[in-house]
Amino acid sequence: MVNRGEFGSRLGFILAAAGSAVGLGNIWGFPTQAASNGGAAFLLVYLVLAFALAYPILMAELILGRHAHGNSVVALTRIAERPVTKAIGALTGLAGILVASSILSFYSIVSGWMLGFTASYPLAAMGFDAHAAWLTDFSLSRNVILMTLFSAMTIGIVMGGVQGGIERWSRRLMPTLIVTLIVLAAYVLSLEGASEGLRVYLVPDFSKILSADLILRALGSAFFSLSLGVGTMLIYGSYISDEEHLPSIGVQVALIDVGIAVLAGFLILPAMYVALARGVEIFDATGALLSEDTLIFTVLPELFATLGTAGLVLATAFFFLMSVAALTSSISMLEVPVAFLTERFQWTRSRAAIIAGVFIGFLSTAIAMNFDSLFGFVIAASTRYGQPMLGLMLCIYTGWIWRRDSVLAELRKNDPDVASGVFWKIWPWYLRVVCPVVIGFILWRSLL
Ligand code: PHE
């Protein structure tokens, strides 16, 4: 048995898990979706789904991981008793590793763009316009080189191990991220036009709240944002000590994740309307708000350009924030294959991190070379279908296959009275019935 790492402190774990959860999904995905889907109505649905559906699955991953003190393949095999369920469990674990790697393959391309935009502003200010333009203009060479740089950073941190790499860097990067986000939001809120953005964000358009499409999007958003399904949280859970009280740790992680998404809304939506007040176009031909890549890579840079020196500082801080958020997420994705390779084949951590990281880098290069056909396809396959399907399997395994007395024994390790508490009264039932039915319904709808 290899020597497994363990998080050194509760705060270290919470920051690492929140670091995994808080990523491009929160700061970019959530606010832009809220902007186009009824503002506060989307926010409300997102909050309900995050706590009613995503939190129970987050708990399933954390509890399973800590029970096994091993990777997802080990965990899902161990709780099953019959050869068939053991085999399906192992396949599910392997599928999770595959999906985590696919997510990382497109995520590192986008994260590379964030690095490029961060550096482009100071470079342009120093007169290196051609270099700055290369960093922000779409090209194969830029996509591959910046992706490689970002992957190298991810690999470097994961090589440092659980405490020396993941925990240490999460402790540094997460506070930086939170402070940068608050300062940016406060500044943008003080500019003309921001109040209109606040109104769009906070006054719910209830005509949209019952739309099936909105609920689907909010669920997908919550799932991606909490890093569910692919075994990331399971692996992080496997590094928590038996003394920790998992249900309350899980609540804190979910609260930070949701809190940062909501906070990012206070930056992005006002920023869009500040841009509008300064003459930047924020609506497309059909009158809908611009969103996703156009918002981040066109609207915001145009806004920053109207703000002079303040814009330069703001832009650099904003893309730095995105890069930091992306990095604490990408290390958690790479940890999924790395944990498997070190435990299954007794590879050293460095070897596993380099080989898995380079392999995923090749996948990213293949996507970059066939951008139009592969980029959107890999995103949809891994996040829209892969994550919910794996989430469904996790519900089935934790809710139906894992014996209840064994689940209870795991929770009793640090809470002898857990059986009489609220968590145990609601969570198992939720996981057995509510989560699978809702995820099944959503998958069925999205496959139609
Ligand atoms: N939660 C991350 C984000 O919001 C993405 C992620 C998905 C991370 C799956 C790990 C695993 O950007």
Side-chain angles (χ1 to χ4, degrees), residues 14-34 46 49-50 54-55 57-58 61-62 65 71-72 93 95-114 150 154 157-158 166 170 173-174 177 181 217-237 250 253-265 268 292-293 296 321-340 356 360 378-391 394:
I14 291 173
L15 290 180
S20 163
V22 174
L24 303 179
N26 302 60
I27 301 176
W28 175 6
F30 169 78
T32 50
Q33 293 211 15
Y46 179 82
L49 291 177
Y55 170 72
I57 301 178
L58 169 68
E61 287 206 30
L62 293 181
N71 63 72
S72 41
I97 297 173
L98 204 71
V99 175
S101 308
S102 324
I103 295 180
L104 183 52
S105 68
F106 74 77
Y107 209 83
S108 4
I109 298 180
V110 180
S111 308
W113 299 342
M114 300 299 172
F150 183 81
T154 307
I157 295 180
V158 171
I166 297 173
S170 303
L173 296 176
M174 285 304 286
L177 177 144
L181 185 57
R217 280 164 183 277
L219 187 82
S221 204
F223 237 86
F224 183 73
S225 178
L226 270 171
S227 316
L228 297 179
V230 296
T232 303
M233 290 299 180
L234 191 152
I235 273 296
Y236 275 19
V253 172
L255 277 176
I256 299 181
D257 182 57
V258 172
I260 292 195
V262 172
L263 191 60
I268 301 288
E292 305 189 347
D293 50 338
I296 298 285
L321 167 77
M322 296 294 266
S323 309
V324 168
L327 191 59
T328 52
S329 297
S330 66
I331 55 183
S332 75
M333 296 176 206
L334 184 59
E335 184 61 20
V336 174
V338 166
F340 175 72
I360 294 168
V378 175
I379 294 181
S382 54
T383 64
R384 204 171 327 144
Y385 303 106
Q387 278 192 292
M389 279 181 198
L390 289 163
L394 278 169

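When a ligand or atom number is given, it counts from 1 through the structure's own listing order.
Between Ile268 atom CD1 and Asn26 atom CG the span is 11.5 Å, to the nearest 0.5 Å.
Aromatic ring pairs are classed by plane angle as parallel below 30°, tilted from 30° to 60° and perpendicular above 60°; the pair Tyr46 and Phe30 is tilted.
Contacts of Leu255 classified as side-chain contact (heavy atoms from CB on, under 4.5 Å), with partners at least two apart in sequence or in another chain: Phe51, Val251. In this structure, the salt bridge (charged side-chain N to carboxylate O under 4.0 Å, His left out) partners of Glu335, at least two apart in sequence or on a different chain, are Arg349.
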Under 3.5 Å, which donor-acceptor pairs link side chains of residues 229-236 to any protein atom two or more places apart or in another chain?
none

Return a table of N or O atom pairs, ligand 1 on one side and protein on the other, at distances under 3.5 Å, rounded to 0.1 Å.
{"unit_1": "ligand 1", "atom_1": "1 (N)", "unit_2": "Ser20", "atom_2": "O", "d": "3.2"}
{"unit_1": "ligand 1", "atom_1": "1 (N)", "unit_2": "Ala21", "atom_2": "O", "d": "2.9"}
{"unit_1": "ligand 1", "atom_1": "1 (N)", "unit_2": "Phe224", "atom_2": "O", "d": "2.9"}
{"unit_1": "ligand 1", "atom_1": "1 (N)", "unit_2": "Ser225", "atom_2": "O", "d": "3.0"}
{"unit_1": "ligand 1", "atom_1": "1 (N)", "unit_2": "Ser227", "atom_2": "OG", "d": "3.1"}
{"unit_1": "ligand 1", "atom_1": "4 (O)", "unit_2": "Ala21", "atom_2": "O", "d": "3.0"}
{"unit_1": "ligand 1", "atom_1": "4 (O)", "unit_2": "Gly25", "atom_2": "N", "d": "3.4"}
{"unit_1": "ligand 1", "atom_1": "4 (O)", "unit_2": "Asn26", "atom_2": "OD1", "d": "3.2"}
{"unit_1": "ligand 1", "atom_1": "12 (O)", "unit_2": "Leu24", "atom_2": "N", "d": "3.1"}
{"unit_1": "ligand 1", "atom_1": "12 (O)", "unit_2": "Gly25", "atom_2": "N", "d": "3.0"}
{"unit_1": "ligand 1", "atom_1": "12 (O)", "unit_2": "Tyr107", "atom_2": "OH", "d": "2.6"}

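For the side-chain hydrogen bond (donor to acceptor under 3.5 Å, both in side chains) criterion with Ser20, the lone passing option out of Ser227, Ser330, Ser170, Ser329 is Ser227.
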